[in-house]
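Working notes for the structure below.
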There are 2 protein chains.
Amino acid sequence: MDKIRVILVDDHKIFRDGFRMLLQSFSFVEVIAEASNGNEFLSLIEDHQADIIFMDINMPQLDGVEASQKALEKYPDLKIIALTTFLDDDYLEQMLMAGVEGYMLKSAEIEEFEKAIVKVYEGGNYFSDEIVSLLSDKLNMLRKKRKKKDDLPEFTDREKEVLELICKGYGNKQIAEATFLSIKTIEKHKSSLFQKTGTYNTVNLVIYAFKHQIIKF
Amino acid sequence: MDKIRVILVDDHKIFRDGFRMLLQSFSFVEVIAEASNGNEFLSLIEDHQADIIFMDINMPQLDGVEASQKALEKYPDLKIIALTTFLDDDYLEQMLMAGVEGYMLKSAEIEEFEKAIVKVYEGGNYFSDEIVSLLSDKLNMLRKKRKKKDDLPEFTDREKEVLELICKGYGNKQIAEATFLSIKTIEKHKSSLFQKTGTYNTVNLVIYAFKHQIIKF
DNA sequence: GTGCGAAGTAGGGAAAACCCCATTGTATAT
DNA sequence: ATATACAATGGGGTTTTCCCTACTTCGCAC
């Protein structure tokens with residue numbers, strides 16, 4: 001089997017040196033190139049066919065987020081594992097949205113890197129435990145914020161049902177057909193929804209529902 | 001040290017039996033109660049002080065999502081680990097938003113459960129690798145959707161202006177007043193928007209705009 | 001210049017949404 | 001048992017939205 005071709009992107013030479021040594025100790029890995037910032041990396045990938053990129057996030061000139069975005073735009077099949085020094089990382093979401101396949105702390109154990117490379121190479125994902133916790137914390141934060149800021153009105157079962165259908169784009173007639181009720185009844189439920197939410201027409205109600213995340217995208 | 005008090009919630013007695021045996025094999029765990037559905041669980045927790053809940057998701061009467069939501073509303077410090085049989089789970093997001101501390105496959109290894117209990121008991125989170133991959137896949141889906149968004153139809157200046165006002169909740173009349181145009185003209189622009197977006201009424205158009213992030217919250 | 005397509009402007013009439021009001025059923029309190 | 005409250009169901013009639021069509025203006029090509 002061919003070796004897995006890896007490119008390192010990090011602005012600290014010392015880290016690259018150490019990390020290269022570490023990776024070369026895996027018999028199945030070959031470090032084919034290195035870059036010290038995003039721009040350098042972008043020109044590198046034109047000439048090198050890599051399987052996996054280890055990408056630092058904080059870098060001069062062009063940071064890991066933008067570099068990853070641009071690289072994945074051109075080569076969507078590229079597999080990038082993001083590296084970060086500390087955990088207080090605001091870029092986590094951005095990197096995930098950019099489409100990286102993994103996200104790890106630089107301080108991870110050797111075995112973790114081995115595991116990550118194999119998993120990502122095989123088409124999977126790898127995330128450090130710490131990263132997963134961080135993500136989950138973010139979700140929890142979101143949840144708590146939601147609870148605090150909206151004391152949402154309470155809806156009856158029918159109202160919830162109607163609201164769901166409204167937010168699917170159904171008109172009164174369609175909702176009536178779907179629920180086996182008369183249009184008039186649907187109108188009444190909507191009327192109640194208007195009152196409870198402080199809205200005054202369907203469009204407003206839909207906007208309200210989206211803003212308060214009563215319905216999902 | 002006191003044992004970690006655990007409650008099991010699952011509608012299959014056989015699974016509960018097996019799982020209880022498994023948990024009891026950990027010297028530091030004590031299963032203090034069991035429930036076979038959400039309602040039963042909700043009345044249970046009034047009388048039992050539990051450290052960790054293992055919560056099945058698919059259950060009759062009251063499913064794991066709602067049960068967790070209600071329980072956490074009353075006892076926000078409750079630590080819930082969600083259990084699921086298969087991976088094709090639409091409830092993942094809902095459970096996370098409900099605020100569970102962990103999410104695992106029932107088919108997980110014994111060591112995983114041990115690890116999960118300890119981590120969650122100590123205030124952390126635990127998610128099965130498979131769950132993490134699933135989450136990451138979802139993020140990737142989001143990313144791809146964003147990319148698709150790029151081939152949006154092109155709107156004229158007036159259309160963009162009208163769309164913005166629509167998404168603020170304005171009716172045709174209000175838009176007409178705000179733009180110093182006749183209602184009829186607004187209607188025509190909306191009509192064009194319908195055609196370009198493949199929608200057929202204002203509500204649909206608003207949903208379209210939100211989904212494609214044409215307008216911001 | 002003349003023609004042609006795209007954006008912007010409306011009117012008339014049909015359809016849907018909306019408001020005010022009435023009736024029924026069910027649960028809770030006194 | 002009776003009163004109260006409210007969810008759920010609808011009717012009549014007004015307002016708003018929506019579709020089809022038409023006219024003007026502007027830029028651009030020939």
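Note on naming: letters A, B, ... go to the chains in the order of the sequence lines (proteins, then strands), and numbering restarts at 1 for each one.
Lys74(A) and Glu46(A) are joined by a salt bridge, as a carboxylate oxygen and a charged side-chain nitrogen come within less than 4.0 angstrom of each other. Salt-bridge check for Lys119(A) with Glu101(A): failed, with every basic side-chain N at 4.0 Å or more from each acidic carboxylate O. Under the 4.0 Å criterion applied to side-chain N and carboxylate O atoms, Arg16(B) and Asp11(B) are not assigned as salt-bridge partners. Electrostatic pairing of Asp51(B) and Lys3(B) does not count as a salt bridge here, judged by no charged N lying under 4.0 Å from a carboxylate O. By the 4.0 Å N-to-carboxylate-O rule, Arg158(B) lies close enough to Glu161(B) to be salt-bridged with it.
Applying the ring-ring contact (aromatic ring centres under 6.0 Å, His included) criterion to Phe41(B), with sequence neighbours excluded, gives no partner residue. Considering only residues two or more places apart in sequence or on other chains, Lys190(A) meets the side-chain hydrogen bond (donor to acceptor under 3.5 Å, both in side chains) condition with Asn172(A), Thr202(A).
Nucleic acid contact for Thr185(A): base, since at least one base atom lies under 4.0 Å from a heavy atom of the residue.
Looking only at atom types and distance, the side chain of Lys160(A) has no donor-acceptor partner in the side chain of Thr156(A) under 3.5 Å away.
Rotation axes derived from the C1' atoms of the five outermost pairs at either end of the helix from dG1(C)-dC30(D) to dT30(C)-dA1(D) lie 30° apart, to the nearest 10°.
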Sequence-aligned protein contact record of nucleotides 12-21 of chain C, with B where the base is within under 4.0 Å of a protein heavy atom and S where only the sugar-phosphate is:
BB---BBB-B

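Open room surrounds NZ on Lys70(A); 12 or fewer heavy atoms of other groups in view lie less than 6.0 Å from it.
Contact check, His189(B) against dT9(C): a side-chain N or O comes under 4.0 Å of OP1 or OP2.
With a heavy-atom cut-off of 4.0 Å to chain A, the contacted part of DNA chain D has its first and last nucleotide at dA7(D) to dG13(D).
The CZ atom of Phe155(B) sits 17 Å away from the P atom of dA6(C) (whole-angstrom rounding).
Listed by first and then second residue, the ring pair (Phe, Tyr, Trp, His ring centres under 6.0 Å) pairs that reach into residues 179-199 of chain A come to none, sequence neighbours excluded.
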